[in-house]
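What you see is a predicted model; the values in this text were computed from it and never measured. Each ligand, and each atom within it, is numbered from 1 in the order the structure gives.
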Amino acid sequence: MLTATFLGTGTSVGIPVPLCDCSVCRSSDSRDQRWRSSVYIETPTASWVIDTATEFRLQALRANITRLDAVIYTHAHADHILGFDDLRRFSSANGDEMPIYASPETLERMAHTFEYAFSGEARFPGYVQPVPYTIEGPFMLGENEVVPIQVEHGKIHTLGFLIRQQGRPILGYVSDCKIISDQGLHDLAGVEVLVLGTPLKMSRFSHLSISEGLGLISLLKPKRAFLTHLSHDVSHVETSKTLPKGCSLAYDGLRLEL
Ligand SMILES: [Zn+2]
Ligand SMILES: [Zn+2]
Ligand SMILES: [Zn+2]
């Protein structure tokens with residue numbers, strides 16, 4: 001049992017984009033309005049977010065997040081970490097500590113960006129107190145196995161995540177990605193639900209295009225697939241018409257019960 005709530009499904013600038021008057025940025029369809037990408041996972045034994053996006057406080061209020069046992073980071077690009085300070089209340093609720101899981105590179109960059117929290121200086125009650133855990137392989141959150149997926153994202157490496165329950169691959173989440181490693185492709189094959197970040201229709205060096213994403217989906221054969229990290233290139237209604245069966249665009253607030 002697992003519930004995934006998309007807290008944000010937008011690319012790094014968010015949609016609408018300031019100073020843009022394209023049809024998607026002007027759209028009144030709420031599914032075209034996208035905060036920065038993040039997902040909230042709830043299970044009977046643990047609940048966590050993948051990334052703390054720029055709008056994390058607003059996202060947590062909108063999704064009514066009342067329990068947060070940990071945070072997992074894909075990488076340290078601004079759109080995925082800048083909501084970090086909004087973990088304060090959740091840290092307090094956990095006895096003033098918040099477990100943070102990330103790769104060694106991401107933890108290093110987080111410790112640099114949020115030096116006041118990671119240095120241990122800001123230790124008064126009510127402040128976020130990160131407890132870093134280096135991801136070096138699969139790890140457990142409650143009774144869920146979280147398997148890191150090695151991914152190339154332009155010039156840097158990021159992590160995607162596969163969640164397994166009792167050995168069953170339930171959810172794969174790979175937001176910022178150009179190339180998934182061979183081991184990652186092996187781990188994700190046959191997953192129930194696959195979420196892939198595909199900001200644009202055209203190909204870029206750092207991200208999958210929509211057609212490249214669809215190619216991976218047909219290779220990995222999930223039961224259902226969702227595209228996220230979307231730009232203003234992507235109209236929800238128009239682009240949805242072009243997607244194959246079993247594949248949909250994610251949107252902010254979408255909740256999946258798996
Ligand atoms: Zn991103
Ligand atoms: Zn626009
Ligand atoms: Zn990124």
Practice problem: Quick one: pull up CG in L82 and OG1 in T113 and give me the separation to the nearest 0.5 Å. | Solution: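 L82 CG to T113 OG1: 8.0 Å, rounded to 0.5 Å.
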Quiz item: Distance from C247 atom SG to I210 atom CD1, nearest 0.5 Å?
Solution: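 Reported value, rounded in 0.5 Å steps: 9.0 Å.
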Quiz item: How about H229: does one of its N, O or S atoms come closer than 2.8 Å to the Zn ion (ligand 1)?
Solution: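 Under 2.8 Å: H229 contacts the Zn ion (ligand 1) through an N, O or S atom.
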Quiz item: N/O/S atom of H80 under 2.8 Å from the Zn ion (ligand 1), yes or no?
Solution: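 Here the distance criterion (N, O or S atom, under 2.8 Å) is met by H80, so yes.
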Self-check item: Qualifying residue, where the test is side chain to side chain contact (heavy atoms under 4.5 Å, CB included) with I100 and the options are V128, T106, L87
Solution: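 Checked V128, T106, L87 against I100; only one passes side chain to side chain contact (heavy atoms under 4.5 Å, CB included): L87.
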Practice problem: Could you tell me which N, O or S atom of H232 is nearest to the Zn ion (ligand 2)? | Solution: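 The H232 atom nearest to the Zn ion (ligand 2), restricting to N, O or S, is ND1.
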Exercise. Report the residue from H80, E55, H77, H229 that forms a side chain to side chain donor-acceptor pair (under 3.5 Å) with R36.
Key: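 When side chain to side chain donor-acceptor pair (under 3.5 Å) is applied between R36 and each of H80, E55, H77, H229, only E55 qualifies.
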Quiz prompt | Closest approach to the Zn ion (ligand 1) by D79, given as the N, O or S atom name | solution =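 Atom name of the closest N, O or S in D79: OD2.
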Quiz item: Tell me, which N, O or S atom in H77 is closest to the Zn ion (ligand 3)?
Solution: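 Nearest N/O/S atom of H77: ND1.
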Quiz item: Taking the N/O/S atoms of D176 one by one, which is nearest to the Zn ion (ligand 3)?
Solution: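 Result: OD2.
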Practice problem: Would you indicate whether E192, at its atom CD, is surrounded by more than 12 heavy atoms from other residues, nucleotides or ligands within a distance under 6.0 Å? | Solution: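 Above 12, so yes.
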